[in-house]
Amino acid sequence: MKRVVVGMSGGVDSSVAAFLLKQEGYEVIGLFMKNWDDASVTLTSNCTWEDDLLFAEMVCKKIDIPLHTVDLSDQYRERVVNYMFAEYQRGRTPNPDVLCNREIKFDLFIDEALKLGADYVATGHYCRKETNVINNKPVHRLLAGKDPNKDQSYFLCQLSQAQISRALFPVGELLKPEVRKIADEQGLATATRKDSQGICFVGKVDLPTFLQQKLRAKEGDIIEIPENYYENIKASDDLKENTKAYQYKREDGKVLARHRGAHFYTIGQRKGLNIGGTGKPMYVIAIDVDENIVYVGRGDNHPGLYRKGLFINAIEVHWVREDLRLGINKSKEYLVRVRYRQPLQKAKLFAKSEGVYIIFEKPQRGIAPGQFAAWYENTELFGSGVIN
RNA sequence: GACUCAGUAGCUCAGCUGGUAGAGCACAUCCCUUUUAAGGAUGGGGUCCAGGGUUCGAGCCCCUGCUGGGUCA
């Protein structure tokens, strides 16, 4: 009998995952991770992990599996939270949950599971895995969850073959309502529990407030870049031209207002600028942390909000399908998304020695450095990388 | 100094020939969402610069003053 350790979060998805595995005949062990216990920064209820643990216990008892707990909060802080601070400080927009999966759930957690004698680990992610043998070698394929509304493959875009080889995703074949139904039928305490939101383990936080734990508020100018700024920029086929962020200078626009620290903002952001009287909403189109300037554009269609492409440094390019890695100077069409739940966009990848250039068929809005671009073929996730 | 235009929600402004005010933006809350955002819905707010007058009734008319912009000397 194969032994599976399931990451029990205290939510419905992992509850049902555990139940399904048990039903399939696995020997199932629950493992609860405590990764964060600082309730002072959360916006919603406090001490969420205690509630989560309680629910995990109830569910495990119900389906009759043991539950272990492990405290990974030191490592979580080191590998996820500190990374967040560091990225924001650089004026970038990190994705802590992608890191959390790569560094915690599918790294340290797997280690803990192996200590418990696990053959596999499972989570409640809406995502599918398929293992094929190609050239006499097993190749693990990461596929989108069946529920198009809940597909969470994006969050797993940084996983390696070794990590995926250990993983099982029992709810990936189900739709969310089906998961709820199973939970309900089985009388699991989590059946109607609200989906978690916000940063995994940390919860919903007000980012500027959260960041102020480590990053100082520092007043600076908000500068508006007029639409005609772009009139002189001629269209080009050059990969570098089309994939680099606009580099504005103070003289390119007019000071509109003040902000409380450029590193608290992200590209595409509308709320929190506190600029009224503009008729149209203002959006952040660039931030310069060295000069401490936030550049904004007026209106939904401001050219500065859109970019044709993006670039990923070679060392930050990750192929889930190592076997299908694009060779240097090769190019290929994929479907790409730059944020969770974004509809996949047609794009072409160009592999160069310095990294990967992605050119979209249609210009994309709010591409933020620090976020992950993930490329797919049909429903399969092929690779990902940090947007430069 | 003269002339002239303006002074209405936090901001930018609308308000027809007088009947106690509106829109966009901002903001707040909620929804959506295991990242940041975006998006959707709802909402809070106004001695209509001040004082006086005309009128049954004034943001709108008249007078005076104050403040700001412009033009001319």
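Chain identifiers are assigned alphabetically (A, B, ...) following the order of the sequence lines, protein sequences preceding nucleic acid strands; residue numbering begins at 1 within each chain.
Look at the P atom in both B/rU12 and B/rU54: the space between them is 35 Å, to the nearest Å. B/rG45 and B/rA2 have their P atoms separated by 44 Å, with the value rounded to a whole Å. Atom name C1', nucleotides B/rG59 and B/rU8: the rounded distance is 7 Å, in whole Å. Taking the C1' atoms as reference points, B/rC62 lies 40 Å from B/rC27, given to the whole Å. Taking the P atom of each, B/rC25 and B/rC16 are spaced 24 Å apart, rounded to whole Å. Comparing B/rA14 with B/rC60, their C1' atoms are spaced 13 Å from each other, to the whole Å. Only the P atoms considered, B/rC30 is 16 Å distant from B/rG44, to the nearest whole Å. Rounded to a whole angstrom, the distance from the P atom of B/rU29 to that of B/rU36 is 16 Å.
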Quiz: residues 54-72 of chain A side-chain donor-acceptor pairs under 3.5 angstrom, not counting sequence neighbours:
residue : atom : partner : partner atom : Å
A/Asp71 : OD1  : A/Ser73 : N            : 2.8
A/Asp71 : OD1  : A/Ser73 : OG           : 2.5

Per-pair distances, 0.1 Å, donor-acceptor, side chain in residues 265-276 of chain A, under 3.5 Å, sequence neighbours excluded:
residue  : atom : partner  : partner atom : Å
A/Thr266 : OG1  : A/Thr93  : OG1          : 2.5
A/Gln269 : OE1  : A/Thr266 : N            : 3.0
A/Gln269 : NE2  : A/Lys271 : O            : 2.9

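A/Gln158 and A/Arg102 form a side-chain donor-acceptor contact under 3.5 Å, judged by distance and modelled atom types alone. A/Thr131 and A/His140 share a donor-acceptor pair across their side chains, judged by distance under 3.5 Å alone. For the 3.5 Å distance criterion, the side chains of A/Glu103 and A/Gln75 fail to qualify, holding no donor opposite an acceptor.
Here the P atom of nucleotide B/rU34 and the CG atom of A/Asp52 are 15 Å apart, to the nearest Å.
In the region residues 377-388 of chain A, proximity to RNA chain B at under 4.0 angstrom, judged on heavy atoms, holds for none of the residues. For the contact set between residues 172-179 of chain A and RNA chain B, defined by any heavy atom under 4.0 Å, there are no members.
Under the 30°/60° scheme for interplanar angles, the aromatic rings of A/Tyr76 and A/Trp36 are found to stand perpendicular.
With A/Tyr83 as the aromatic partner, A/Arg77 does not meet the cation-pi criteria of under 6.0 angstrom to the ring centre and within 45 degrees of the ring axis.
Nucleotide B/rU36 forms no Watson-Crick or G-U wobble pair with any nucleotide shown, as no partner meets the under 3.5 Å limit on both distances. The nucleotide B/rC60 finds no pairing partner, because no Watson-Crick or G-U wobble arrangement with both distances shorter than 3.5 Å includes it. B/rU47: no Watson-Crick or G-U partner with both key distances under 3.5 Å is found in any strand. Of the nucleotides present, none pairs with B/rU54 by Watson-Crick or G-U wobble criteria with both distances under 3.5 Å. B/rA73 is unpaired under the criterion used here, namely a Watson-Crick or G-U wobble arrangement in which both key atom distances are under 3.5 Å. Under the Watson-Crick or G-U wobble criterion, with both distances below 3.5 Å, B/rG68 is paired with B/rC5.
Summary of the strand contacts: A/His125 and A/Leu273 both lie near RNA chain B, and taking for each the nucleotide with the nearest heavy atom, the more 5' one is attributed to A/Leu273.
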For this session: Produce a footprint string for nucleotides 7-14 of chain B: one letter per nucleotide, 5' end first; B if the base is under 4.0 Å from any protein heavy atom, S if only the sugar-phosphate is, - if neither.
Result: ---BBS--
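Counting only residues at least two apart or in different chains, side chain to side chain donor-acceptor pair (under 3.5 Å) contacts with residues 105-121 of chain A comprise A/Arg79-A/Asp107, A/Glu112-A/Lys115. Each ring-ring contact (aromatic ring centres under 6.0 Å, His included) pair with one or both residues in residues 142-175 of chain A, not counting sequence neighbours, appears once here: A/Phe155-A/Tyr340. The salt bridge (Lys or Arg N to Asp or Glu O under 4.0 Å) analysis of residues 9-20 of chain A, with sequence neighbours excluded, yields the pairs A/Asp13-A/Lys176.
When ring centroids are compared, A/Phe210 and A/Tyr88 stay outside the 6.0 Å threshold.
Judged as a ring-ring contact (aromatic ring centres under 6.0 Å, His included), and not counting sequence neighbours, the contacts of A/Tyr229 are A/Tyr248. In this structure A/Phe382 satisfies the ring-ring contact (aromatic ring centres under 6.0 Å, His included) test together with A/Tyr334, sequence neighbours excluded. Residues satisfying the ring-ring contact (aromatic ring centres under 6.0 Å, His included) test with A/His302, not counting sequence neighbours, are A/Tyr230.
At the heavy-atom level, A/Gly272 lies under 4.0 Å from the strands shown only through sugar-phosphate atoms.
The side chain of A/Lys105 places no N or O atom within less than 4.0 Å of a non-bridging phosphate oxygen (OP1 or OP2) of B/rU34.
Results of the side chain to side chain contact (heavy atoms under 4.5 Å, CB included) test with A/Asn388 over A/Val356, A/Thr243, A/Asn313 single out A/Asn313 as the only residue that passes.
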Dump the pairs, protein N or O against N or O of nucleotides 35-38 of chain B, anything under 3.5 Å, distances to one decimal.
residue : atom : partner  : partner atom : Å
B/rU35  : OP1  : A/Gly198 : N            : 2.8
B/rU35  : OP1  : A/Gly198 : O            : 3.1
B/rU35  : O4'  : A/Asp97  : OD2          : 3.4
B/rU35  : N1   : A/Asn95  : ND2          : 3.4
B/rU35  : O2   : A/Asn95  : ND2          : 3.3
B/rU35  : O2   : A/Gln371 : OE1          : 3.1
B/rU35  : O2   : A/Gln371 : NE2          : 2.8
B/rU35  : N3   : A/Asn95  : ND2          : 3.3
B/rU35  : N3   : A/Gln371 : OE1          : 2.8
B/rU35  : O4   : A/Tyr340 : N            : 2.5
B/rU36  : O4   : A/Arg339 : NE           : 3.0
B/rA37  : O2'  : A/Gly268 : O            : 3.3
B/rA37  : O2'  : A/Gln269 : N            : 3.4
B/rA38  : OP1  : A/Arg270 : N            : 2.7
B/rA38  : OP1  : A/Lys271 : N            : 2.8

